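For the numbers below, each heavy atom of this structure counts, side chains included, while hydrogens, waters and symmetry mates do not. Note that the coordinates shown come from a computational prediction; the quantities given were computed from them, not determined experimentally.
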Amino acid sequence: MSAVEALIELNEGGLDFGDYTLAAKAKKDGFEAEGDIYKVKTFGEITKLEKNGSFAYESVPGTAVHGFKYTADGVGFFVEGLQDSEVTVGLDENTEYEVEVGGESVGRITTNLGGKLTFSIELSDEPVGVKITKV
């Protein structure tokens, strides 16, 4: 896996988006997938995804995300980048979630009033799996 050349695309595993190798900001708006409209902004410093005009994902610095898919209980995806990142995901507000990174639990985190859940992730040469499940 690597940066997503098309900035955003749909595959059978979910959405792929983001390109942390870009020196300048790039964006794609109006990407339609499974009845939803997405907007992505990405480059080396940040990657941000909106779904139907609402916040869905952000990483600082920028990352590439593969297989991003919401479920009834949360969200799952693989993430990669050049250095460790702080990741924020948009979920239900004031809700507790179990967060797993690389197959290991990092604990339970409760979203804020805006539904944002933030955690840090150590990145390496290989994509790291993230699973966030409602408790």
Closest approach of Pro61 to Ser85 (non-hydrogen atoms, all atoms of both residues): O-OG, 3.2 Å

For the CD1 atom of Ile109 and the CD1 atom of Ile132, what is their distance to the nearest 0.5 Å? 7.5 Å

Taking all atoms of both residues into account, what is the closest heavy-atom pair of Glu34 and Leu10, and its distance? CG-CD2, 4.2 Å

Do the side chains of Asp84 and Ser120 get nearer than 4.5 Å, heavy atoms only? no

Asp19-Thr21 side chain donor-acceptor pair, cut-off 3.5 Å: yes

How close do Ala64 and Gly18 get, heavy atom to heavy atom, and via which atoms? CB-O, 3.7 Å

Quick one: pull up NZ in Lys27 and NZ in Lys39 and give me the separation to the nearest 0.5 Å. 5.0 Å

Is the backbone of Gly67 close enough, under 3.5 Å, to the side chain of Asp16 for a donor and an acceptor to pair up by distance? yes

Do Leu49 and Phe68 come within less than 4.5 Å of each other through their side chains, counting heavy atoms only? yes

Going by side-chain hydrogen bond (donor to acceptor under 3.5 Å, both in side chains), name the residues that satisfy it together with Thr118, two or more places apart in sequence or in a different chain. Thr88

For Ala26 and Leu7 the tightest heavy-atom approach is CB-CD1, 3.8 Å

Does one hydrophobic cluster hold both Leu15 and Val79, with members joined at side-chain heavy-atom distances below 4.5 Å? yes

How long is the gap from NZ on Lys48 to OG1 on Thr42, to the nearest 0.5 Å? 12.5 Å

For residues Val128 and Val89: do they belong to one hydrophobic cluster (side chain heavy atoms under 4.5 Å, members Ile, Leu, Val, Met, Phe, Trp, Tyr)? yes

Give a yes or no on whether Tyr20 and Tyr57 share a hydrophobic cluster (residues Ile, Leu, Val, Met, Phe, Trp, Tyr; joining criterion: side-chain heavy atoms under 4.5 Å apart). no

Between Thr63 and Ser59, what is the shortest heavy-atom contact and its length? OG1-OG, 2.8 Å

Measure the spacing between CD of Glu32 and OH of Tyr38 and express it to the nearest 0.5 Å. 10.5 Å

Would you say the ring centers of Phe17 and Phe31 fall short of 6.0 Å from each other? no

Run the salt bridge (Lys or Arg N to Asp or Glu O under 4.0 Å) test against Asp36 and tell me which residues pass, sequence neighbours left out. Lys51

Could you report the tightest heavy-atom contact between Glu80 and Leu123, atom names first, then the distance? C-CD1, 3.9 Å

Within the structure provided, determine whether Leu113 and Asn94 are in side-chain contact (heavy-atom separation under 4.5 Å). yes

Report the distance from atom CD of Glu93 to atom CG of Asn112, rounding to the nearest 0.5 Å. 8.5 Å

Could you check whether any side-chain N or O of Thr133 sits under 3.5 Å from a backbone N or O of Asp73, counting only pairs where one atom can act as donor and the other as acceptor? no

Indicate yes or no for a side-chain donor-acceptor contact from Ser105 to the backbone of Glu100 under 3.5 Å, with no hydrogens or angles considered. no

Drop me the distance from Lys116's NZ to Glu58's CD, to the nearest 0.5 angstrom. 7.0 Å

Linked, directly or transitively: Val75 and Val106 (ILVMFWY side chains, under 4.5 Å): yes

Taking side-chain hydrogen bond (donor to acceptor under 3.5 Å, both in side chains) as the test, write out the residues that go with Lys134, two or more places apart. Asp92

ILVMFWY cluster, Val135 and Val101 together (side-chain gap under 4.5 Å): no

